[in-house]
Every structure is written in C-alpha cells, then in structure tokens.
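Data first, discussion second: the structure below is written as structure tokens.
Excluded from the calculations below are hydrogen atoms, water molecules and symmetry mates; all remaining heavy atoms, backbone and side chain alike, are included. Throughout, residue positions are numbered sequentially from 1 according to the sequence presented.
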Amino acid sequence: MMRYIRYGFLAVLGIVLVSVSLTNRQMVQLQLMPDALSDLLGFNLATSLPLFLVVLGGIVAGLVIGFLWEWLREHKHRKDATVKKTEVKKLEREVKKLKKKQNEGQDDVLALLDEAS
C-alpha cells in the first residue's frame, strides 16, 4: 500500500515539475555580481537560461548543500560508532580467548556447552 502511495506522490510531483517547466520557459539573465559592483571591478559573468532551469537548479543546489552540511555535521557520530565497533570486536576476541583458556583441560562436549551459555 505504501508503495502505491509513494508512486502516486512521485507521479504528482513529476506532473507539477513538468507543468512548471512548460509554463516558465522565458529566458532570464543570471549575473554573478550586481551592476554597481561589476562596474567597480571591471568584469561580470552573465548567462541566459530558461527560468525553470534556474528554479530547479536552485532546488537541487539547496538539496546538495543541505546533504553535504548534514554529512559533515554527523561526522563525529560516525567516528564514535567506528570507535565503538572496534572496541566491541576487541572485547569479543578477548572473551573468546578467555573462554578457550578456561575450557583448555575440559572434555570437548562440556567445553561446547560452556561456550553456549
């Protein structure tokens, strides 16, 4: 059921994006700097693009910046998880070694039963 809801949502989103794109086809000029600052510095990069590309590009750029920001923010949590994982593996090896040492002189069946508990 949730799969159909997701597909329905994606279909509606696609229809909305296509209709916005078809409606906003007029060309707009994008400039790197305002006119006063470009006159002062002596150069200005400019390009003409359809309005829908500017809007959709802004949305995509915002998503990419947000994902990158979140990935950088979560670095400390990933680092802590890696340290904990390494510590758990080390402790598991130590427990296995101690169980092996404890069961050294015992019968094999009793050692297996002792390891299981």
Side-chain angles (χ1 to χ4, degrees):
M1 181 67 179
M2 287 300 291
R3 180 173 46 174
Y4 296 121
I5 293 173
R6 182 178 59 191
Y7 289 150
F9 174 75
L10 290 175
V12 169
L13 182 63
I15 290 169
V16 167
L17 289 176
V18 167
S19 68
V20 165
S21 298
L22 290 174
T23 305
N24 296 298
R25 291 181 297 175
Q26 60 271 26
M27 299 297 276
V28 294
Q29 179 134 2
L30 292 179
Q31 294 182 341
L32 182 63
M33 296 177 274
D35 290 332
L37 186 58
S38 66
D39 291 340
L40 180 66
L41 295 176
F43 73 95
N44 192 9
L45 298 175
T47 187
S48 293
L49 294 171
L51 182 60
F52 73 91
L53 283 181
V54 174
V55 171
L56 295 178
I59 291 170
V60 169
L63 284 171
V64 168
I65 290 169
F67 287 142
L68 182 64
W69 186 272
E70 191 65 19
W71 183 77
L72 291 173
R73 190 184 68 80
E74 291 174 348
H75 173 71
K76 63 181 176 183
H77 300 294
R78 287 191 309 274
K79 182 180 173 188
D80 289 343
T82 303
V83 168
K84 297 290 184 192
K85 189 176 181 182
T86 305
E87 187 177 328
V88 165
K89 285 183 181 182
K90 178 183 169 191
L91 291 173
E92 285 175 347
R93 283 193 308 266
E94 188 175 335
V95 165
K96 195 174 187 179
K97 185 174 131 183
L98 288 174
K99 279 187 178 182
K100 186 177 179 182
K101 189 176 182 181
Q102 179 185 7
N103 297 330
E104 225 169 49
Q106 291 184 354
D107 184 29
D108 291 339
V109 175
L110 290 176
L112 286 173
L113 289 174
D114 202 21
E115 276 186 29
S117 59

Contacts under 3.5 angstrom, residues 79-92 side chains, donor-acceptor by atom type, not counting sequence neighbours:
| unit_1 | atom_1 | unit_2 | atom_2 | d |
| --- | --- | --- | --- | --- |
| Thr82 | OG1 | Arg78 | O | 2.9 |
| Thr86 | OG1 | Thr82 | O | 2.9 |

Distance-only criterion, 3.5 Å: show the donor-acceptor pairs between side-chain atoms of residues 41-63 and protein atoms not counting sequence neighbours.
| unit_1 | atom_1 | unit_2 | atom_2 | d |
| --- | --- | --- | --- | --- |
| Asn44 | OD1 | Leu32 | N | 3.3 |
| Asn44 | OD1 | Met33 | N | 3.1 |
| Asn44 | ND2 | Met33 | O | 3.2 |

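In this view, Arg73 and Glu70 satisfy the salt bridge (charged side-chain N to carboxylate O under 4.0 Å, His left out) rule, not counting sequence neighbours.
To the nearest 0.5 Å, atom CH2 of residue Trp69 and atom CD1 of residue Ile65 are 10.5 Å apart.
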